[in-house]
Amino acid sequence: MTVLASLSVPRVPVGEVFAGIVDWLTTNVGSVFDAFGGLVGATVSALATFLATPIIIVLALVFGLLGFFLRGWKIAVAATVIAGGLGYLAAIAGVPPAVVLALTFGVIGFALRGWKFGLFAVVAFGLIDSMGQWKPAMESLALVLVASAITVVLAVPIGIAAGRSDAVSRAVKPVLDFMQTMPAFVYLIPAISLFSVGVVPGVVATVVFSMAPGVRLTELGIRQVDREVVEAGEAFGAPPMKILGRIQIPLALPTIMAGVNQIIMLALSMVVIAGMVGAGGLGSSVYTAISTVDVAGGFEAGLAVVVLAVYLDRLTASLTNRSAVVRAAAASDR
Amino acid sequence: MPAVRAEKLYKVFGRRSDDAVDLLAQGKDTKEVRRLGVTPAVIDASFDVEEGEIFVVMGLSGSGKSTLIRMLNGLLEPTSGQVYIGDTELSGLPAKKLRALRQQRISMVFQHFALLPHRTVLENAAYGLEVRQVPKAERVEQARESLALVGLAGWENHLPTQLSGGMRQRVGLARALAAGTDVLLMDEAFSALDPLIRREMQDQLLELQASLGKTIVFITHDLNEAMRLGDRIAMMRDGRIVQIGTSEEILQDPANDYVAQFVQDVDRTRVLTASAVMEKPIAMVGARSGPRQALRTMRENQVGAAFVVDRDRRLVGAVRDSVVADAVRRGQESLTGLMDPADVVKIDPDTVVADLFAPSAECPVPLAVVNPDDRLVGVIPRVTLLAALGNGPVDLTHGGGPEGGAQGDGPSTDGGPPDDGVPDPDLPDSDTKDATEVAS
Ligand SMILES: Nc1ncnc2c1ncn2[C@@H]1O[C@H](COP(=O)(O)OP(=O)(O)OP(=O)(O)O)[C@@H](O)[C@H]1O
Ligand SMILES: [Mg+2]
């Protein structure tokens, strides 16, 4: 008995090993992380600045792009010119940038979903401004957009690879499970020691956190594509890359877009947590409100997050509806 | 040279597939081989498909038809054995060459159409050419042509989802035709369509085939479809090809009980032709002989009428016993004037049995089967026709001599008596035998 009682499982230094790895990374390849962090930080802050005080020409080009996406290059040129002109007039008249942007979001919403959504966007973003949350909201939006872009760029190709190869799928799966179930706060610690406090650890933690559903839904989308259709591509002698580009991806697009939507939503949910590591934005507002028990301020910041979430969610949904497959399905119902 | 050739093809799914093939090749039972944890899908399949032929592979679900056809264009690699498309051997062909072969020589029509839902009918039809990087103007033109061939002109700019099932499969067919390959693989291409549309598609395929002369490998689990379309049919069971032959050969001479049971339910009247059911014309008299001889011929054969033929066996007419007996009493020397034109119904040997009932009902004398040059090759008494409706594989072709050892033995398969489980074919069979006997 005494022998057994004195027995205990020896301590395996899991945490120490992980910390050691992080330390090693910091000292040996720190410059790589620095460069990456610098790039990400600069991008986020540039985007945040633009969203707070837009540059007319860039804004006009955004409208041009939208026009091109929806109606082709003629409308694109017209949209660029009109938006540029109106922006110039607004600047002369001294219209506040927040109003200009709220209207911009409204027009984008209108173009993609119709006038109700456009109106909602104008009112909702106007509300954010009137609550005095414009600057932090735009900082958070910038963080979310950059983090989501990075995640999409990583998750979609991995998901495609996993969708096409069982081996890749098997290898990726445990990693994704790990990433998804590890509490999000935990990512922040190594992220801070690798990138120091600021926006970058916020972005990195967000990317890690929102990766899994992006990969999963992309894989699902590719695997869901009718096997017979893929086989038809093969039977007519199409090379694998053409099958991927012209059959698998277009047919998987609605599901892939659902993944993109999930990525953005999860990124938004990380905004508050990211605020804890000095990423600024609405996260900081919430964090400050918590430490001062400021119910009103906390609620307003939270509401701003909700507005961003609803807006981005509906926008990605309408992009999905514009994919060729969904339009084809809709056409048959008529 | 055959257009498509399969030589000792095996496809076994599972880890120990090579061991399994060795065992199967040694003649081990499939059940035993399955114990290795493998699924033998195709076992020792060999056949040639000639140029311009419709070769049907027929078998129940899971018999390995899809696996077999997928090996023909390399979508599946055989575990053992060879496939030749013309003189090109498929196995060992590098991926690029294999793709080129599929682009140029062999295309496919799928059970569930496999169209691209986000592309128009025209773009779908042009798919094979697009893969081959044919310039746009040219591929649009060819796609339009093949769409017109299948009767879809005017639908070019619709989406597949806006079309009915039959029309979608026409797009699938047009896509394969536009690709311009000589060989067409069709895996249950019409199985997803409802029966009337299916029938229509079969007719259209036959019509197209008459002008295009493609080499077609057609898969089906519907025997009627197989019989309608196939120049030759390969019957598959549990991965093995149990019989290859024309539809008539399979109906008349099933290789085993399995095929015989299968064939039982076929609408034989649409498959069997006059030449398959006709009997040897025994009651024949020369045009120069007299009534007396005609009467004797009829009495010898115990029939009420005889056909009159000239020296080259060309059909001149038919005489009935009553008329001839009269003539004998009158002392008439020749048969002239004794033949009633209404008694002679000439039938082409290729007419299907279903089309014989009406004329047979109207004509008291057996139908006369004549070659295009009018030579009498056979006769079809009404009883024979009725016998052809029977279920079991009836020994009809050799109806000329009813007295034979084969009689009363049940189905004319070479195997012994069937299991107790299949009593059905026996009854109608013995009935028809009797009927045949009475007829002659
Ligand atoms: N990829 C595969 N892996 C393992 N077994 C397979 C595979 N493909 C087919 N099989 C098995 O091989 C056998 C033959 O299948 P196949 O699809 O060729 O049959 P089929 O005659 O086309 O049937 P159906 O009429 O249902 O299409 C079946 O037992 C099937 O389960
Ligand atoms: Mg099949």
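Given the structure is predicted, the values throughout are model-derived calculations rather than measurements. Throughout, a chain's letter reflects where its sequence line sits, starting with A, and its residues are numbered from 1.
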Participant: Would you call B:E188-B:K65 a salt bridge at under 4.0 Å N-O?
Facilitator: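 Judged by the 4.0 Å cut-off on N to carboxylate O distance, B:E188 and B:K65 do form a salt bridge.
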
Participant: Would a distance-only check, ignoring hydrogens and angles, find a side-chain to backbone donor-acceptor pair under 3.5 Å from A:S323 to A:L319?
Facilitator: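 It does not hold such a pair.
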
Participant: Using distance alone, with no hydrogens and no angle criterion, decide if A:Q262 and A:S210 have a side-chain donor and acceptor under 3.5 Å apart.
Facilitator: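 No, no side-chain donor-acceptor contact under 3.5 Å.
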
Participant: Measuring centre to centre across the rings, with the benzene-like ring taken for any Trp, is B:F218 within less than 6.0 Å of B:F190?
Facilitator: yes

Participant: Can you establish whether the number of heavy atoms outside B:L212 located under 6.0 Å from its atom CG is more than 12?
Facilitator: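 Correct, the count exceeds 12.
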
Participant: How about A:F117 and A:F110: are their ring centroids closer than 6.0 Å?
Facilitator: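 No: the rings miss the under 6.0 Å criterion.
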
Participant: Is any residue of residues 119-136 of chain B within less than 4.5 Å of chain A by heavy atoms, and which ones?
Facilitator: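 Counting heavy atoms that sit under 4.5 Å from chain A, the residues of residues 119-136 of chain B involved are B:R119, B:Y127, B:G128, B:E130, B:V131, B:Q133.
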
Participant: Check whether any side-chain N or O of B:Q209 sits under 3.5 Å from a backbone N or O of B:G52 as a donor-acceptor pair, and report yes or no.
Facilitator: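 Side chain of B:Q209 to backbone of B:G52: a pair is present.
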
Participant: Yes or no on salt bridge (charged side-chain N to carboxylate O under 4.0 Å, His left out) for A:R223 and A:D166, after CA distance, side-chain angles and deciding distance?
Facilitator: CA-CA 10 Å; A:R223 285 189 186 268; A:D166 290 342; 3.0 Å; yes

Participant: Spell out the residues in residues 71-97 of chain B that have some non-hydrogen atom less than 4.5 Å away from a non-hydrogen atom of chain A, in order of number; otherwise answer 'none'.
Facilitator: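 The list, in residue order, reads B:N73, B:L75.
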
Participant: Taking side chain as everything from C-beta outward and backbone as N, CA, C, O, which of these in B:I106 sits under 4.5 Å from a heavy atom of chain A? Side chain, backbone, both or neither.
Facilitator: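 The backbone, not the side chain.
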
Participant: Is B:Q104 close to chain A through its backbone or its side chain, or both, or neither, when contacts mean heavy atoms under 4.5 Å?
Facilitator: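 Answer is neither: B:Q104 stays 4.5 Å or more from chain A.
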
Participant: Side chain, backbone, both or neither: which part of B:L115 has an atom under 4.5 Å from a heavy atom of chain A?
Facilitator: backbone

Participant: Between A:R314 and A:A309 (side chain of the first, backbone of the second, donor and acceptor by atom type, cut-off under 3.5 Å), is there such a pair?
Facilitator: no

Participant: Is a side-chain N or O of B:S107 found less than 3.5 angstrom from the main chain of B:A176, in a donor-acceptor match?
Facilitator: yes

Participant: If the threshold is 4.0 Å, N to carboxylate O, is there a salt bridge linking B:R5 and B:E7?
Facilitator: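 Answer for the salt bridge query: yes.
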
Participant: With chain A as the partner, which of B:H112, B:M108, B:H158 has the greatest number of non-hydrogen pairs under 4.5 Å?
Facilitator: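 Most pairs with chain A among the choices: B:H112.
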
Participant: Quick test of your reading of the model: are A:D177 and A:R216 salt-bridged, counting only N-O distances below 4.0 Å?
Facilitator: yes

Participant: Output the option from A:E231, A:E234, A:R227 having the highest count of non-hydrogen pairs under 4.5 Å with chain B.
Facilitator: A:E231

